[in-house]
Each structure stands twice: as structure tokens, then as C-alpha cells.
Peer 1: 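Before I ask anything, let me first share the structure, which is written out below as C-alpha cells.
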Amino acid sequence: MDVGAHRRAYLEALQARDVAAARRAVDAALAAGVSVADVYLEILQPALYEIGRGWAVGDHDVAHEHSATAVTQSLLGTLGPRMRALPTGGRLAIVTGSPEERHALGVQMVADFLEGDGWEVLNLGASTPAADLARLADAERADVVALSTSTPAGLPGAAEAVAELRALDPRPLVVLGGQLWSGEARRDAEALGADLVLDGPRELVARLRERFPPLQPGDEERSG
Ligand code: B12
């Protein structure tokens, strides 16, 4: 199956600001057997990266970017429920953009992948202040806090959030991800004291399965 053809159809629809064609491109991919996870990672994400590239070089203006983002966000709203699995055994993750971080679609994708693997998820969307995030993680006894950061300007906020979360007792596993860390900032991420710095939601799900194995039928509910 050629996911590339569906990706191109989706991107062309975004570039033409043709919302109906964008939805049709996703429907066609699903009808051809592309999984929802692959629609996220192989169609929607690369199309947005390309829109971002076009924006950076002046091919698209902000209104065009906003329309592509809004279409994609609405598609996530319909696709997300198809990923969901029943929560298995009280594993709670909080997913959010780091303080001052306005990019929210990656947050949503990460949240949906975790729900797809049986995690209970509190998705706080973009930009949660560090103190409020830590208070919530403490009150909910979250097992994991996954923080998303896209741009270098987000580094101080991410650092503040990691520091607040690390001060909790008991403290959640703190995972950093997002485009900021794919560059030179990767070194900073480790210095901040995060437990994990990961590239994508598939890797996140796999690593969390090692640390928090889903309960098997007959296992007792976790109490914590
Ligand atoms: C849409 C968009 C916006 C929208 C966001 C709206 C919204 N509701 O989300 C708005 C207009 C708000 C915006 C603002 C800005 N943006 Co912007 N934006 C984008 C764009 C086009 C798409 C973002 C997106 O949704 N990508 C798709 C998602 C699914 O990808 P993702 O975030 O990478 O997430 C995936 C992985 O990274 C990973 N992941 C993400 N988080 C986490 C967390 C964990 C724990 C794990 C494990 C994995 C993980 O999993 C996700 C799924 O695979 C990107 C282009 C791009 N390359 O992404 C630019 C881009 C990110 N923006 C950019 C810039 C410069 C800005 C602004 C600074 C512009 C400005 N001058 O104001 C501001 C910053 C605002 C802020 N304080 O955050 C640059 C960043 C470049 C850089 N290195 O600094 C980009 C790359 C565009 C470009 N080519 O120049 N933006």
C-alpha cells in the first residue's frame, strides 16, 4: 500500500485550502487499510511539517497555516476515538505542552497513542504553567507526565516544569518529547533531569510498557 500517495493527496488538499478534499484523502487512506496510527504519523504529521516549511520560506501565510492546523485538529477529533482502548489497571499519564508552548497537535497525538495502549490520560493541551501542572500531577498521583516542546523558546518553561515535577514525592516519571529535542537541545534535556527524552509516540508507548506493564486479566488493580 502506498501511504505516500495518501500523504501527497492530503498535503495537496491543505495547500489548496480544500477542506473536503483533505477529509476525503484521510477517508481514502483508511479505506485502503492505513491504520489510524499511520494516518497520524505518515500523513497528518508530515503534511504539517511541510506546511511549516512553506510558512518559514514565505510560501504560505499564517492564515493558511491556521487553516491547515484547524482541519488537521478536527480530523484528530474524529480519529482519536478510533484509537482508544479501555484503560487497563489505573495507569495515569498527564500529557501537556510545556509552559508557554502553543503547539498542541503533537500533544493530542501523544495522548491518543497512550489511550490506545490502555492508559488513562489527562490531556491538558498547550502551555500549562509549571506549578499548576505539578499540583495536578501530585493530586492525581500521575505515573507519568509527558511534556511536549517544539521551539527553543520553550526551553526555560520545560526546565521549570521538570524541576517542579522532580520535587514531588512520590514523583511521576517525567518524559520530554517534541521537535525541540531532536536538535542540539537533546543534550540540555538530559541535563534538566528528565527521566526519558523520546522522539515519538510509538517509542513512548513501548518504553512505558516496560516500566508500567499493562495488567493482564486476573491481575489486581494497581492501588496507587
Ligand atoms: C501549527 C503550527 C503553529 C501553530 C500551533 C497551533 C496549535 N493549535 O497547535 C501556532 C500558530 C500557534 C504556532 C506558533 C509558533 N510557531 Co509554529 N508551527 C506550526 C506547524 C506548522 C505545525 C505544528 C504541528 O502541529 N506539527 C505536527 C505535530 C504532530 O508534530 P510534533 O509537534 O512534532 O509532534 C510529534 C513529535 O514531535 C512527537 N512529540 C511531540 N510532543 C511529544 C512529547 C513526548 C513526551 C513525546 C514522547 C513525543 C512528542 O510526537 C508527535 C507525533 O509524532 C510547525 C511545523 C512543524 N514542523 O511542526 C510550526 C513550527 C513548529 N513553528 C515554528 C515557530 C517558529 C513558531 C512561532 C515561534 C512563530 C512566531 N514567530 O510566533 C510560534 C511559537 C508559539 C509558542 N510559544 O509555542 C517553527 C519552529 C522552528 C524552531 N525550531 O524554532 C516551526 C517548525 C515552523 C518552521 N518551519 O519554522 N505554530
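Every number for a ligand or one of its atoms is a count from 1 in the order of the listing.
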Peer 1: What residue and atom, counting heavy atoms only, is the protein's closest point to atom 28 (C) of ligand 1, and at what distance?
Peer 2: G106 N, 3.9 Å
Peer 1: Between ligand 1 and Q108, can you find any atom pair, the residue atom being a heavy atom, that is separated by under 4.0 Å?
Peer 2: no
Peer 1: Who's the nearest protein heavy-atom neighbour of atom 39 (N) of ligand 1, and how far?
Peer 2: G178 N, 3.6 Å
Peer 1: Is P201 in contact with ligand 1, taking contact as a heavy-atom separation below 4.0 Å?
Peer 2: yes
Peer 1: May I ask whether T69 places a heavy atom under 4.0 Å from ligand 1?
Peer 2: yes
Peer 1: Atom 9 (O) of ligand 1: which protein heavy atom is closest, and how many Å away?
Peer 2: A104 N, 2.7 Å
Peer 1: Give the residue, atom name and distance (to 0.1 Å) of the protein heavy atom nearest atom 30 (O) of ligand 1.
Peer 2: Y49 CE1, 3.4 Å
Peer 1: Measure across H6 and A32 and return the closest heavy-atom pair with its distance rounded to 0.1 Å.
Peer 2: NE2-CB, 3.8 Å
Peer 1: Looking at S148, which atoms of ligand 1 are within less than 4.0 Å of one of its heavy atoms?
Peer 2: 40 (C), 41 (N), 42 (C), 43 (C)
Peer 1: Can you tell me how far apart CD (Q108) and OH (Y40) are? Round to the nearest 0.5 Å.
Peer 2: 6.5 Å
Peer 1: Before we go on, tell me: are the rings of W119 and F113 under 6.0 Å apart, centre to centre?
Peer 2: no
Peer 1: Kindly identify the option in H66, E50, H60 whose heavy atom sits closest to atom 11 (C) of ligand 1.
Peer 2: H66
Peer 1: Nearest 0.5 angstrom please: S35 OG to E42 CD, how far?
Peer 2: 8.5 Å
Peer 1: Out of the candidates V162, V175, T128, only one should pair with L147 under the side-chain contact (heavy atoms from CB on, under 4.5 Å) rule; please name it.
Peer 2: V162
Peer 1: For ligand 1, which is the ligand I care about here, please tell me if Q73 has any N or O atom under 3.5 Å from one of the ligand's N or O atoms.
Peer 2: no
Peer 1: Near R82 CZ, under 6.0 Å, is it more than 12 heavy atoms from other residues, nucleotides or ligands?
Peer 2: no
Peer 1: Below 4.0 Å, non-hydrogen atoms only: which portion of L48 touches ligand 1? Side chain, backbone, both or neither.
Peer 2: both
Peer 1: Is the closest protein non-hydrogen atom to atom 77 (N) of ligand 1 under 4.0 Å?
Peer 2: yes
Peer 1: For Q73 and T69: C-alpha separation, side-chain torsions, deciding distance, then whether side-chain hydrogen bond (donor to acceptor under 3.5 Å, both in side chains) applies.
Peer 2: CA-CA 6 Å; Q73 197 155 24; T69 304; over 6 Å; no
Peer 1: Strictly under 4.0 Å, does any heavy atom of D199 approach an atom of ligand 1?
Peer 2: yes
Peer 1: Determine, stepwise, if the pair H64 / D61 fulfils side-chain contact (heavy atoms from CB on, under 4.5 Å).
Peer 2: CA-CA 5 Å; H64 193 155; D61 62 13; 3.4 Å; yes
Peer 1: What is the closest protein heavy atom to atom 46 (C) of ligand 1, and at what distance does it sit?
Peer 2: G177 CA, 3.6 Å
Peer 1: Determine whether the side chain, the backbone, both or neither of V107 has a heavy atom under 4.0 Å from any heavy atom of ligand 1.
Peer 2: neither
Peer 1: At a 4.0 Å threshold, what atoms of ligand 1 neighbour a non-hydrogen atom of A146?
Peer 2: 45 (C)
Peer 1: Indicate the atoms forming the closest heavy-atom contact of L14 with A47, along with that distance.
Peer 2: CD1-CB, 4.0 Å
Peer 1: Who gets closest to atom 86 (C) of ligand 1 by heavy atom: R207, Q179, R202?
Peer 2: Q179
Peer 1: Could you tell me whether atom 70 (C) of ligand 1 has a protein heavy atom closer than 4.0 Å?
Peer 2: no
Peer 1: Are any of the N or O atoms of Q45 closer than 3.5 Å to those of ligand 1?
Peer 2: yes
Peer 1: Please indicate, with yes or no, if any protein heavy atom is found under 4.0 Å from atom 21 (C) of ligand 1?
Peer 2: yes
Peer 1: Is atom 60 (C) of ligand 1 less than 4.0 angstrom from at least one protein heavy atom?
Peer 2: yes
Peer 1: Counting from 1, what ligand 1 atoms have a heavy atom of L105 closer than 4.0 Å?
Peer 2: 9 (O), 25 (O)
Peer 1: Taking all non-hydrogen atoms of both residues into account, name the closest pair between L114 and A93 and its distance.
Peer 2: CD1-CB, 3.9 Å
Peer 1: Carefully, step by step, assess Y49 and Q179 under the rule side-chain contact (heavy atoms from CB on, under 4.5 Å).
Peer 2: CA-CA 10 Å; Y49 280 19; Q179 290 174 69; 3.3 Å; yes
Peer 1: Measure the spacing between CD1 of I51 and CG of L11 and express it to the nearest 0.5 Å.
Peer 2: 5.5 Å
Peer 1: Is atom 43 (C) of ligand 1 less than 4.0 angstrom from some protein heavy atom?
Peer 2: yes
Peer 1: For A56, take its heavy atoms, then give the atoms of ligand 1 lying under 4.0 Å from any of them.
Peer 2: 88 (C), 89 (N), 90 (O)
Peer 1: Using 0.5 Å steps for rounding, measure from the OG atom of S127 to the CD atom of E101.
Peer 2: 8.0 Å
Peer 1: Can you list the ligand 1 atoms lying under 4.0 Å from a non-hydrogen atom of L176?
Peer 2: 45 (C)
Peer 1: Checking a contact table here: which protein heavy atom is nearest atom 83 (N) of ligand 1, and how many Å away?
Peer 2: P152 CD, 3.9 Å
Peer 1: For ligand 1, which atoms, with element, lie under 4.0 Å from some heavy atom of L41?
Peer 2: 52 (C), 53 (O)
Peer 1: Does the protein place a non-hydrogen atom closer than 4.0 angstrom to atom 16 (N) of ligand 1?
Peer 2: yes
Peer 1: Return the minimal non-hydrogen interatomic distance between L198 and L204, and the atom names on each side.
Peer 2: CD1-CA, 3.6 Å
Peer 1: CZ of R8 to CD of E12: how many Å apart, nearest 0.5 Å?
Peer 2: 8.0 Å
Peer 1: Using a heavy-atom cut-off of under 4.0 Å, does the side chain or the backbone of L147 touch ligand 1, or both, or neither?
Peer 2: backbone
Peer 1: Where's the contact between E100 and ligand 1, heavy-atom distance under 4.0 Å: side chain, backbone, both or neither?
Peer 2: backbone
Peer 1: Within this structure, what is the CG-CH2 distance for the pair L176 and W181, rounded to the nearest 0.5 Å?
Peer 2: 5.0 Å
Peer 1: Considering all heavy atoms of both residues, which atom of D117 and which atom of R91 are nearest to each other, and what is their separation?
Peer 2: O-NH2, 2.5 Å
Peer 1: Which atoms form the tightest heavy-atom contact between G157 and P99, and what is the distance?
Peer 2: O-CD, 3.3 Å
Peer 1: Closer than 2.8 Å to atom 17 (Co) of ligand 1, which protein N, O or S atoms?
Peer 2: H103 NE2
Peer 1: Just to confirm, does any protein heavy atom lie below 4.0 Å from atom 81 (C) of ligand 1?
Peer 2: no
